[in-house]
Colleague: 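Quick one: the structure is below, questions incoming.
Just so we're on the same page: letters track the sequence lines, and every chain starts at 1.
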Amino acid sequence: MENLPILQFEEKIMETVEHNPVVVIIGETGSGKSTQLSQILHRRGYTNSGIVGVTQPRRVAAVSVARRVSQELGVRLGEEVGYAIRFEDRTSERTKIKYLTDGVLLRESLSDPELNQYSVIILDEAHERSLNTDILLGLMKRLIKERASNLKVLITSATLDGEKVSKFFSDCPILTVPGKLYPVEIFYSKERPTSYLESSLKTAIDIHIREPEGDVLIFMTGQDDIEKLVSKLEDQIRSLEEGSCMDAIVLPLHGSLPPEMQVRVFSSPPPNCRRFIVATNIAETSLTVDGVVYVIDAGYVKQRQYNPSTGMYSLDVVQISKVQANQRAGRAGRTRPGKCYRLYPSRVYQDEFHDVTVPEIQRSSLAGSVLYLKSMDLPDIDILKFDFLDKPSSESLEDALKQLYLIDAIDENGSILSIGRKMAELPLEPSLSRTLMEANEYGCLSQALTVAAMLSAETTLLPGRSRSTEKKRKHTALELPDGSNWGDHIQLLQIYELWDQADYDINWCKDHKLQVRGMKFVRDVRRQLSQIMQKIAKESLDVRPNDGRKESQQDYKNLRKALCVGYANQLAERMIHHNGYRTLGFKPQLVQVHPSSVLKTDDEGKLPIYVVYHELVATTRPYMRNVCVEEMRWVMPILKKLEKLNVNKLSGGSGHIGEDTESEILDLPEKEITVTGVPDDRESRIQAARDRFLARKAKK
DNA sequence: GAGCACTGC
């Protein structure tokens, strides 16, 4: 600890902090900034007037750094030094240094917008530009003005974008603290390879034959490529002449690997054996593998992006940024000088790579963030003018406003409504928060809580999809409930209730091939949501899961109705002649029900006329993932509302005031559907759909 | 009848 570079800069740092409200600190890996900055400020008396809060983008980082600092100060974790992450608050009244995830700080600022308990806020790893960090940066800029005399903000960043952050904070000073990385020699390819997989393979074998001992870290974009490369590497290593080079083992490393497989990279290798670690981006920041001396970087990453004009998510392979390329290279220099092989020419790196990664705020749906900011009641409520370090597109902000309007979180002028205020308190996407609000009215809150919690964990519920587990999964899918033909939301509800009836037995999860970790997470989320709902309602609500009685069709009906209101912005109508759907929003999209859905066609081979969907994903085709069957009479008021939508008004612009200014939502009786002002084709199609709907009903 | 980079409240 004595020789951490940052300690030599203590005087300089303190002097700068003393005279400036905001300071940017560029600290490379190994500088000790995460553990030492807070201690320096503590030593210099900054904890006398409040807490020093340090945000981290990841939970594990918040916990492990807090633990380290408490050890260095010789205090018990949770007393002078503590941490706060979701589901776990280990702080006390005595806490002076508090590590927390950026999401937790954001939640805290909802109840205390001035963050008065803090004397210093350090936004650590700000260069990662998580959605939450970006919002915090904007909020800090405002806070500094309001609390100029008694709040200090420190922002740590990577070399390449320190200037930008400084400019954002009125040219605040930048301090650079060197890291403790060893030099890494960079090699470029002459050309871009036609196959990055083959090229990685060849480079890896070259290293194995020519270079001295040291592990090799290879970056791939996803599980499929990792599995292919692992098996090819194993084949080639086996075919090398006996005794021509040292032994080697090949280890895959990615997020959907079960934890016990992930930790294999942390156990030390057998002597005289080289390890090849074939990893996704997880090895870029989240996990640090010791012993790596060689890095192979093909320059690609898989990134999820949101298209605000279609409302659709896609997962694309994109070129990494210079910051990412350097982060990857740095992985070779942690224990001794290393080498990084870039499978692209230096010219491509210089001219084509972006300096920094596109921040998350520019590739996500912003409905939740906009609602959050609206609920903070900032004096200038025009959300389109909020001061972001990197502004999201106006299209994206308008999309968010439109969504919030359709689910009654804001009115037609863009002002937050009381229901929206309550929604902002829930750590959920606005659609699900709205569903909970509505479900509480219909007496099915308990079921809605379960569905919301299940959807929050959905991706972690099922184990990886490697070929060996594939068949088993199909097999057990038969044993899981089927949603009673109301769709995936109802199935998720039924799954959780069965687990509840099994007394949360982990063997039940295993028998049904559900990830224990995922199901436990659902239980935690559900508990948290229940508590928040009780707090909002200021009374005790019935939130117990169904205790084994058979759920009636009426229960499902109420829940589906609540989902219809909550997902008013995610509604689709079936085509007349086939089972394709058309989304009902501003720009209609042609989509299909995802093949993994439990929803089945009826006797005539048709799917239901109206569904709501949890998510639109563009893979081989545009799909709706997780759908729920809705009824026409619930959908009609939403269509009415869609007609009145005026984005100009929502965003506080000077748009025309619509002729139809009533904001009342008409609850139309089933037999008297009058649709006015819709284009003719829409009207006749709705008419046709309605006839079919009534005919089906009559048949029953 | 298709396919899941990584986080987080």
Colleague: Starting from P on B/dG8, measure out to CG on A/L432 and report it in whole angstrom.
Modeller: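 Atom-to-atom, A/L432 to B/dG8, this comes out as 20 Å.
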Colleague: What is the distance, to the nearest angstrom, from the CZ atom on A/R625 to the C1' atom on B/dA2?
Modeller: 11 Å
Colleague: Just the rounded figure in Å: distance from C1' of B/dG8 to CZ of A/R129.
Modeller: 17 Å
Colleague: Just call it for A/L426: base, sugar-phosphate, or nothing, with non-hydrogen atoms closer than 4.0 Å on any strand.
Modeller: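 Nothing, no nucleic acid heavy atom in range.
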Colleague: When all nucleic acid strands are considered with a 4.0 Å heavy-atom cut-off, which category describes A/R58: base, sugar-phosphate, or nothing?
Modeller: sugar-phosphate
Colleague: With a non-hydrogen cut-off below 4.0 angstrom, is A/L106 in contact with a base, only sugar-phosphate, or nothing?
Modeller: nothing
Colleague: Given A/H614, which partner from the list A/M624, A/R625, A/E429 fulfils the side chain to side chain contact (heavy atoms under 4.5 Å, CB included) test?
Modeller: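 Filter result, single survivor: A/E429.
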Colleague: Expressed in angstrom and rounded to an integer, what is the separation of A/Y83 atom OH from B/dG8 atom P?
Modeller: 14 Å
Colleague: Does a side-chain N or O of A/T101 approach OP1 or OP2 of B/dC9 to a distance below 4.0 Å, or not?
Modeller: yes
Colleague: Rounding to a whole Å, what distance do you find between A/I85:CD1 and B/dG8:C1'?
Modeller: 11 Å
Colleague: Starting from C1' on B/dG8, measure out to CD on A/E108 and report it in whole angstrom.
Modeller: 15 Å
Colleague: Classify the nucleic acid contact of A/T620 as base, sugar-phosphate or nothing, counting any heavy atom under 4.0 Å across all strands shown.
Modeller: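 Sugar-phosphate: the residue A/T620, judged by heavy atoms under 4.0 Å, touches backbone atoms but no base.
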Colleague: Check side-chain hydrogen bond (donor to acceptor under 3.5 Å, both in side chains) between A/D390 and all other residues, then give those that pass, not counting sequence neighbours.
Modeller: A/R129, A/K164
Colleague: Do side-chain atoms of A/Q570 reach the backbone of A/Y613 as a donor and acceptor pair under 3.5 angstrom?
Modeller: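 Side chain of A/Q570 to backbone of A/Y613: a pair is present.
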Colleague: Of all the heavy-atom pairs spanning A/R574 and A/P608, show the shortest one and how long it is.
Modeller: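 Closest pair (atom of A/R574, atom of A/P608, distance): CB-O, 3.6 Å.
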Colleague: Counting side-chain heavy atoms from C-beta on, which of B/dC9, B/dC6, B/dA5 comes nearest to A/R59?
Modeller: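 Taking heavy atoms from C-beta onward, the closest nucleotide is B/dC9.
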Colleague: Need to verify one output field. Residue with the more 5' nearest nucleotide on DNA chain B, A/I282 or A/L315?
Modeller: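 The residue mapped nearer the 5' terminus is A/L315.
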Colleague: Which one, B/dC9, B/dA2, B/dC6, comes nearest to the side chain of A/H254?
Modeller: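 For the A/H254 side chain, the nearest candidate turns out to be B/dC6.
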Colleague: Which residues pass the salt bridge (charged side-chain N to carboxylate O under 4.0 Å, His left out) test with A/E198, sequence neighbours left out?
Modeller: A/K232
Colleague: Roughly, in whole Å, what's the span from CG in A/L599 to C1' in B/dG1?
Modeller: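 The distance from CG of A/L599 to C1' of B/dG1 comes to 14 Å, rounded to the nearest Å.
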Colleague: Which is true for A/V301 with a 4.0 Å heavy-atom rule: it touches a base, it touches only sugar-phosphate, or it touches nothing?
Modeller: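 A/V301: no heavy atom of the nucleic acid under 4.0 Å.
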Colleague: A/F87 CZ to B/dG8 P: how many Å, rounded?
Modeller: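 Result: 11 Å.
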